[in-house]
Amino acid sequence: MDERYRPGYHFSPPSHWMNDPNGLVYYEGEYHLFYQHHPYSNKWGPMHWGHAVSHDLIHWQHEPIALFPDEHGAIFSGCCVVDFNNSSGLFAGSHGLIAIFTHADTCPKTGQPRQRQSLAYSSDKGRTWHKYEGNPVLTEIDLVDFRDPKVFWHAQSERWVMTIVAGDHARFYGSENLREWTLTGEFGQEEGSHDGVWECPDLFELPIDDSGHSKWVLIISIGDNPAFPEGSRTQYFIGEFDGNTFINDNSADHIMWLDHGRDNYAGVTWSDMHEQDGRRVIIGWMSNWKYANETPTGDWRGAMTLPRALSLTSRDEGIVLTQMPVWEIKQLRKESKSWSDVTVTQDVPFMIKTKDDLLEIEADIDIRTAGEVHIKMQSSGQSETIIGYDPVRQWLFIDRFKSGMTDFHPSFACQHGVFLVPENEKIKLHIWLDRNAVEVYANQGLVVLTDQIFPDATMNRISIGTNSGQVVLSSLHIHALQSIHIPNGTTEQTLGGDEA
Ligand code: FRU
């Protein structure tokens with residue numbers, strides 16, 4: 001049981017509980033991934049920062065726990081930056097990594113929860129950490145929710161900028177040394193979705209297509225609220241950052257979601273990516289506070305989404321964010337099969353059996369004469385997860401009612417989706433199937449759905465069909481992927497199988 005749902009190519013902790021990604025930073029050839037971690041239980045508890053390092057964002061080396069709770073409390077979410085010019089004064093003429101995070105404890109006088117911002121620093125590429133002796137560095141005694149700082153160097157104003165959330169709004173602070181912070185602006189009390197408490201902000205600039213123009217993106221995760229079936233999810237805003245505050249380009253009631261599945265939360269982006277790289281790469285926690293503590297994974301619990309490169313594109317409805325997994329994921333392809341112009345009808349679906357359960361599926365589907373299209377991923381037992389498209393409602397959805405184990409929480413079994421307009425009467429789907437999850441990217445990452453699933457047995461059958469009319473699979477590629485846990489050249493099974 002313990003390893004049955006261990007993902008083959010999504011990051012997961014070696015054991016025990018994991019939630020948000022933290023401290024994402026690129027430094028001296030290594031990508032760092034820290035994460036909210038409870039090392040003594042598979043449920044949320046006193047937070048530590050777990051740690052892993054990668055050279056390619058795909059294969060991860062687990063490292064010892066980086067930050068432990070201390071006299072100021074548990075270590076909640078936060079970020080890392082490279083202090084290249086020693087503006088903190090903590091690196092004696094050299095440079096190093098600074099973690100800026102929330103210390104969470106209880107105020108001894110009032111007994112109220114208290115959240116304050118603190119620093120830790122590392123001079124050995126993140127392997128050992130020292131808490132700054134002047135912690136906490138930023139306190140707002142009137143704010144009960146005050147957490148998840150994300151910091152970047154703002155070249156125009158020649159200072160560090162911190163974006164942080166306080167319940168129902170984001171706040172911006174400026175600093176020259178990362179130790180003293182001044183409030184410069186606030187955003188959001190009346191803007192976007194307030195279905196839950198605001199958490200885990202991020203703020204960055206991105207080019208719009210190849211127009212030569214750019215915009216700022218503000219990411220805000222919103223916590224679970226029992227009143228909404230979606231649970232915890234992530235919204236984003238597009239606008240400007242003037243060095244002090246964020247200015248929304250859209251009307252206050254315009255809400256944009258980062259992901260339309262149920263399991264992508266607390267996503268933030270890597271700091272200090274290599275200059276020649278230029279990508280803005282995000283990773284999210286692939287779970288949902290509604291049921292995160294109950295998922296049937298065993299001794300370990302929690303996984304990350306695939307790392308995704310973000311872009312902005314201009315559409316009729318305005319400027320929107322698109323996302324696709326980083327190109328490095330392609331190295332996992334070990335065997336591929338392709339088809340073109342396959343017509344499927346209600347009576348004759350396309351079917352393939354595979355010996356592999358780690359799959360990537362690229363499908364260009366002509367829906368001109370189709371009824372509802374169903375891509376079914378089936379196990380050797382009873383489980384079936386459906387990715388569907390309804391051309392009448394122009395609705396792309398995931399149905400995980402029969403996806404396997406669902407009874408650990410009443411909200412888990414569900415169908416949910418998103419409006420998707422076909423392009424030239426086609427929809428283009430790119431799907432990643434892992435042992436615990438499915439990620440669906442449509443029309444080059446214009447919309448994305450990420451969902452956990454817990455099938456009763458290995459997924460070994462893919463069928464593509466329709467409930468009326470006919471569907472043409474203009475092109476279809478299925479790639480068997482190798483696991484990130486197994487070194488190259490070992491005996492993983494191959495795609496093989498029979499086509500029906
Ligand atoms: C988001 C969050 C953060 C907080 C952390 C605690 O999932 O609630 O706001 O810092 O998790 O683990």
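As the structure lists them, so they are numbered: ligands from 1, and atoms in each ligand from 1.
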Note to self: So if I count the atoms of ligand 1 from 1 in the order they appear, which ones are less than 4.0 Å from some heavy atom of S77?
What the structure shows: 5 (C), 10 (O)
Note to self: Out of all atoms in ligand 1, which are within 4.0 Å of some heavy atom of D148? Include the element for each.
What the structure shows: 3 (C), 4 (C), 9 (O), 10 (O)
Margin query: Determine whether the aromatic ring centres of residues H51 and H32 are separated by less than 6.0 angstrom.
Written below: yes
Notebook entry, point to check: Is there a side-chain contact between F241 and F187 (heavy atoms, below 4.5 Å)?
Noted result: no
Next item on the list: Using a strict cut-off of 4.0 Å, indicate which atoms of ligand 1 neighbour a heavy atom of Y265.
Entry: 1 (C), 7 (O)
Check: With a cut-off of 4.0 Å, which atoms of ligand 1 are near a heavy atom of Q36?
Finding: 5 (C), 6 (C), 12 (O)
Notebook entry, point to check: Does CD1 belonging to I65 count more than 12 external heavy atoms closer than 6.0 Å?
Noted result: yes
Note to self: Please check whether W289 reaches ligand 1 - meaning an N/O of the residue sits under 3.5 Å from an N/O of the ligand, judged on distance alone.
What the structure shows: yes
Notebook entry, point to check: Which of these, H37, E199, H38, has its nearest heavy atom closest to atom 8 (O) of ligand 1?
Noted result: E199
Margin query: Tell me the closest heavy-atom pair linking Y265 and S221, and the distance in Å.
Written below: CE1-CB, 3.3 Å
Next item on the list: Over all heavy atoms of both residues, which pair between L119 and L178 is shortest? Give the atoms and the distance, please.
Entry: CD1-O, 3.4 Å
Check: Taking the six-membered ring for Trp, is the centroid-to-centroid distance between F408 and F454 below 6.0 Å?
Finding: yes
Margin query: If the cut-off is 4.0 Å to any non-hydrogen atom of D20, which atoms of ligand 1 fall inside it?
Written below: 1 (C), 2 (C), 3 (C), 5 (C), 7 (O), 11 (O)
Margin query: Under a 4.0 angstrom heavy-atom cut-off, which atoms of ligand 1 come close to M47?
Written below: 12 (O)
Item checked: Side chains of N177 and S88, donor plus acceptor under 3.5 Å -> no
Note to self: Test of understanding: given a 4.0 Å heavy-atom threshold, classify the contact between T102 and ligand 1 as side chain, backbone, both, or neither.
What the structure shows: neither
